[in-house]
Every structure is written in structure tokens, then in C-alpha cells.
2 protein chains.
Amino acid sequence: MIQAIDRAAKVLSTLQGARHLGITELATELWLPVSTVHGIVKSLQGHGLVAQEPGGTRYMLGPALLKLSNVYLDTLDVRARAMRWTLELARRTGLSTRLGVQLFDEVIIIHHNQRPDGSQQMPETGLSIPAHASAMGKVLLAYSPEYASGLLGRPLRSLTGATITDPAQLAIQFVSIVSDGIATEEDEAVLGESSIAAPVVDTRGNVIAAVAVVVPSSEWPPDSSVLNGLRETARNISRELGASTWPPRALQPAVAAHPQS
Amino acid sequence: MIQAIDRAAKVLSTLQGARHLGITELATELWLPVSTVHGIVKSLQGHGLVAQEPGGTRYMLGPALLKLSNVYLDTLDVRARAMRWTLELARRTGLSTRLGVQLFDEVIIIHHNQRPDGSQQMPETGLSIPAHASAMGKVLLAYSPEYASGLLGRPLRSLTGATITDPAQLAIQFVSIVSDGIATEEDEAVLGESSIAAPVVDTRGNVIAAVAVVVPSSEWPPDSSVLNGLRETARNISRELGASTWPPRALQPAVAAHPQS
DNA sequence: GAACGCAATTCGATAATGTCGAATATCCTC
DNA sequence: GAGGATATTCGACATTATCGAATTGCGTTC
């Protein structure tokens, strides 16, 4: 890991947490000399990744990130393929749907379809949710043991009273998730919101994303048609990506670590 | 400018242009040894800024960018203040509205309100348009001579037959833009689409963003009520940001001394 | 199914590069 | 207008990134 780049990335994520910071504040946060931080920030600013807050002398994230992120979304094959299917799922269930991928300990929503009831809802694309508190996260963790073991080792943050923070309890859920290809979550991230998720698989059989349906907790448990719709959606997307079987057979990465061919 | 960070940023923008690239391809593009590029890419990957394309050995932009960009949008004060006004403007004019800021030679759209006719339209937030081909871009250039002079020195790209690529012609437009606080563009970026833009000003009198109304070229020139609505919107947003006068008086020399370094 | 060739990755010596403390400039507060 | 705090500049130094060569891994062809 190249030191300067590592530090630059840390500057970005510090700015992500704090919104607006001066050089000194950043330096304190990162335990680095101010002149070092200054050099890093100016380099990032030169590429639009960081910007001066208008008028002030403090710094914030920069507009280049928006452009990069837009291209990121466009390059995602899963997203392009999934969109029409999640839209249909939202229509048929009357619920909002999500598509998410893993970002370290979180799931980040790369596509969101609003509930088709015409009400005003916040767009969720770009939101990230701690993996252990999300149905999509549980799916992704259940199918990638190396991530899961890493995450379960650390203390888990509680978001609502219902968040499961006990590693053992999560590990048990992972087993059943793998066996039937469905994960659930009840009020574990946001009170009043529960969700069901299923894995999306590519040609190689790797789980590369998760689809989810968000169910108001007042309507929990959802009708079995919702569950079937979700399963079918996940299967359709996976098929379009070239997957031959769904749900995914087993824990692919573990298998890949012991090649027998 | 720190070399390693500069190179890392170049890797990101190369990936932005090419979507998927192998290490060797990137190295060729950047005129660097492969091992150097490899180190940079791996460092970026360690922070989720770059990702391995699933299955392949090539690289693409990473999901961390999406999260950063989401926070970027949230931290923008202008955006939060402007949203309710641009929504109202869209309602009153029946047209789509945009809010944009400068990103080097382009304008990047930080907020977009769809035409309120209920039709399905592509979300434009995150799109970037060459400044010289955009009404918002002309506004921003007209009020920041630093940028303008730099940009007019380089050859300008033509996007449609109507794009103005002659520096002299643009310079003339800038004068009238500053004098009446309104810029226009007819088919210069996209055929069939024209737009009018006005500056958004902060407490210090700096032009920090531009608002625009997009008008189908078939309805050009727009009714004077559209123009008045736009003016009022720009004034309202600016007032909310603490600006005392609108349109902005002139090219503040203090502002011109705000280079990029 | 084996062998070839290309691309990614690892490694270590080298000096170029980023780092950091001190000095200076600039901003904000009182 | 003065004082304190913060941002910025500068240059010597040694840490650190860089790059070429060697190795591994992968896909493709025969």
C-alpha cells in the first residue's frame, strides 16, 4: 500500500465523516503534521476530489467524485441488467426494491426503485448500510466467508434495538441463508422497515450483488408471493448475467481456495 | 502536487474514460511502468476506490466513489437551499431545471428537477457538460475570468453543429451575460435542447453555482415569464445563501485571486 | 491435455520523492 | 489595531515510492 495514496484516501474518508474540516483539524484527526496534510489536500484539490468550502478556508469533498461515481454506476453490468427486473418486482409487489453490493463492512445501494404508490420518497441509491444490519448484507456475507469471519471478529454496531450484534447468532443465520437463498431482517437497520434479500450470481457462480424488497414492519411477514417474486427476480438477473444455476450451490470462494481441477 | 496522488487521480480519470482496463493497458495509457501502476491500483483498491471487474483480472472504478459522492451532494449548502426553489420553478414553467457547479472545463449538474409532465425522464444529476456549450457553464465562466481565459486558450470541442467554438464569440457573450445576469444556449450541447441560466451568489458576492431551465428548441425562444421565473429563482437562492445583491455586481478582483494551485 | 505466450504480481536495490519542522503569510477575534 | 490561531511556503533529510527483472498465473492454441 503506497503511503501517500493511503493517506489521501484517509483524508477523503475523514472528510466523508466530518463534512467540513480545516487543515489543522484534519491533521489532528489523522495524527499527521499539518504540512503533510496540506500537501495531500492540495494534490486532491488539483483534481477536484476535494474542494475549498466557498468563502471559508476549510475543505470538503469535491465535485469530481460525483462525476466518477456516475461513471461507476454506468459501468456496472449487474445494475444495467437488474434495473428492468427490479422495476417489475416493485410493480408487482407494490414495495420498494433495492440492489446492493458489498463495500467492506457495509452494503451500498446501487439501484433503488420506489414504492409505486406515487408518494414522495427519498432516493436511496448511494446509501450504505452496515452489512450485519441489512438483509442484502447478510446475503453477501453468508456467501463470502472471508469477509464474514473478518466482520464477525470486530464488535458490531447496534442501529436500532433490534440490530443483531451477536456474531454467533449471525453465523447461525448465514447457514440457513445459504441453504435457501433468502435472508431477512426485521427492524434491524431502521425502525419500521424490514426487508428480504436474495443473491445475484454471475457466470462463475460468484455472488456479486443482492436484491431486496423493503417491507413496512407493520406488514411483516410479507405474503409468500413477495418471496416468490423476489426469488424469481434474483434468478432472472442471474440468468441474464450468464449464471447456470440459482440459488448458488455453495460458498464459492472457499471452493476456489481448494482447486481440484 | 504529490506525485503518487497525482498519478492515482490520473488512474481514476483514465478508468473514468475507459470503463474497464488491465494493468498493462493503464500503464500504456499513462506512460508508466506496469509495476508502478500496479502499486497504485492496489492501493486504490484497498480503499474501494477501484475494483476488480468480477471474474476478470481487469479493473474498474470502485463503490467507495458512490458513497463519497453521496456525501458530497449532502454537504453542498447551495444544493439543499436551492432544491425547493428549482422545484417550484419547474412546476411554474412546466420545464426541467438544473443546478450546476464548475468542474474544470465542465459544468457538473448537482441537482435536477424533471419536467412535471409525468413522462419518464433520465435523471441528470451527475452529468457533466463542457462549460462552453452550456448556459450554466457560460454563466460560471463569465464571472470567473481566471477560468475563462484558461479555457478560451485551448481549442474547444464541438458537440453539435451549433456549438460555439470561437473564443472571440464566447468572450462577447460573456460581456452581455455579466451585464444582465442571464446566459443562453441554443442546441449547443444537445440537438433539440436549449437552455437559459442565471448565477447563484453567496454572502461574499462570489458566483458559486448556476441555475438553468431547459427549453425544447421547438419552443424557443421561451416566454418572458420563464425568464422572469429563472431570475427570481436565482435571486431567491442567492438571498437564502446570504447574498445582499443580485445580480452580482461585477468581477470581483478578490475572487479572481482564487486560483487552483 | 500440454505447451506456449501474455498479463498480473512480487521482490529488492536505488535515488528520487514525499515528509516534516520551522518560518512566513493570512485570517479571524477581541 | 493587535494578538492568536490557522493556512501556506520552504528546504534538508531519510523514508518511501519507483522501476527493472524474476515469478506466478491465466487463457488460448494446437
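Proteins get letters first, then strands, A, B, ... in listed order; numbering begins at 1 in each. Quick note: numbers below take in every heavy atom, side chains included, and nothing from hydrogens, waters or symmetry partners.
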Rounded to whole Å, how long is the line connecting atom [atom1] of [X] with atom [atom2] of [N]?
X        : N       : atom1 : atom2 : answer
Ile2(A)  : dT15(D) : CD1   : P     : 19 Å
Asp6(A)  : dT16(D) : CG    : C1'   : 13 Å
Arg58(B) : dG27(D) : CZ    : C1'   : 13 Å
His38(A) : dA23(C) : NE2   : C1'   : 15 Å
Trp31(A) : dT19(C) : CH2   : P     : 19 Å
Leu26(A) : dC20(C) : CG    : P     : 15 Å
Glu25(B) : dT9(C)  : CD    : P     : 13 Å
Leu44(A) : dG18(C) : CG    : C1'   : 14 Å

task: Could you work out which one of dT8(D), dG20(D), dG21(C) sits closest to the side chain of Pro33(A)?
output: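 Of the candidates, dG21(C) comes closest.
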
field: Shortest side-chain distance from Ser35(B), nucleotide among dT8(D), dT9(D), dC11(C)
entry: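 My answer, after comparing the listed nucleotides, is dC11(C).
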
field: Which residue lies more 5' along DNA chain D, comparing Val34(B) with Ile23(A) via nearest heavy atoms
entry: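 Of the two residues, Ile23(A) wins.
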
message: Here's a test of your reading of the structure: between Thr57(A) and Ile40(B), which maps to the more 5' nucleotide of DNA chain D?
response: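 Its nearest nucleotide lies further toward 5', so the answer is Thr57(A).
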
task: Any chance you could measure Ile2(B), atom CD1, to Ile40(A), atom CD1, to the nearest 0.5 Å?
output: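 It comes to 5.0 Å.
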
Inter-residue atom distance Lys10(A).NZ - Leu30(A).CG, 0.5 Å rounding: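 These two atoms lie 8.0 Å from each other.
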
query: Which one of Glu232(A), Arg235(A), Glu240(A) satisfies the side chain to side chain contact (heavy atoms under 4.5 Å, CB included) criterion with Trp85(A)?
result: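 Checked Glu232(A), Arg235(A), Glu240(A) against Trp85(A); only one passes side chain to side chain contact (heavy atoms under 4.5 Å, CB included): Glu240(A).
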
query: Can you name the one residue among Ile237(B), Asn236(B), Leu241(B) that meets side chain to side chain contact (heavy atoms under 4.5 Å, CB included) with Arg239(B)?
result: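 Running side chain to side chain contact (heavy atoms under 4.5 Å, CB included) over Ile237(B), Asn236(B), Leu241(B) with Arg239(B) returns exactly one hit, Asn236(B).
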
- request: Using distance alone, with no hydrogens and no angle criterion, decide if Lys67(B) and Tyr72(B) have a side-chain donor and acceptor under 3.5 Å apart.
  value: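 Their side chains do not contain a donor-acceptor pair, so the 3.5 Å distance test is not met.
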
5' priority, DNA chain C, between Thr24(B) and Gln3(A) [closest heavy atom]: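 It is Thr24(B) whose nearest nucleotide is closer to the 5' end.
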
task: Please state whether the phosphate of dT8(D), meaning OP1 or OP2, lies under 4.0 angstrom from any side-chain nitrogen or oxygen of Tyr59(A).
output: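 Affirmative; the distance criterion is met.
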
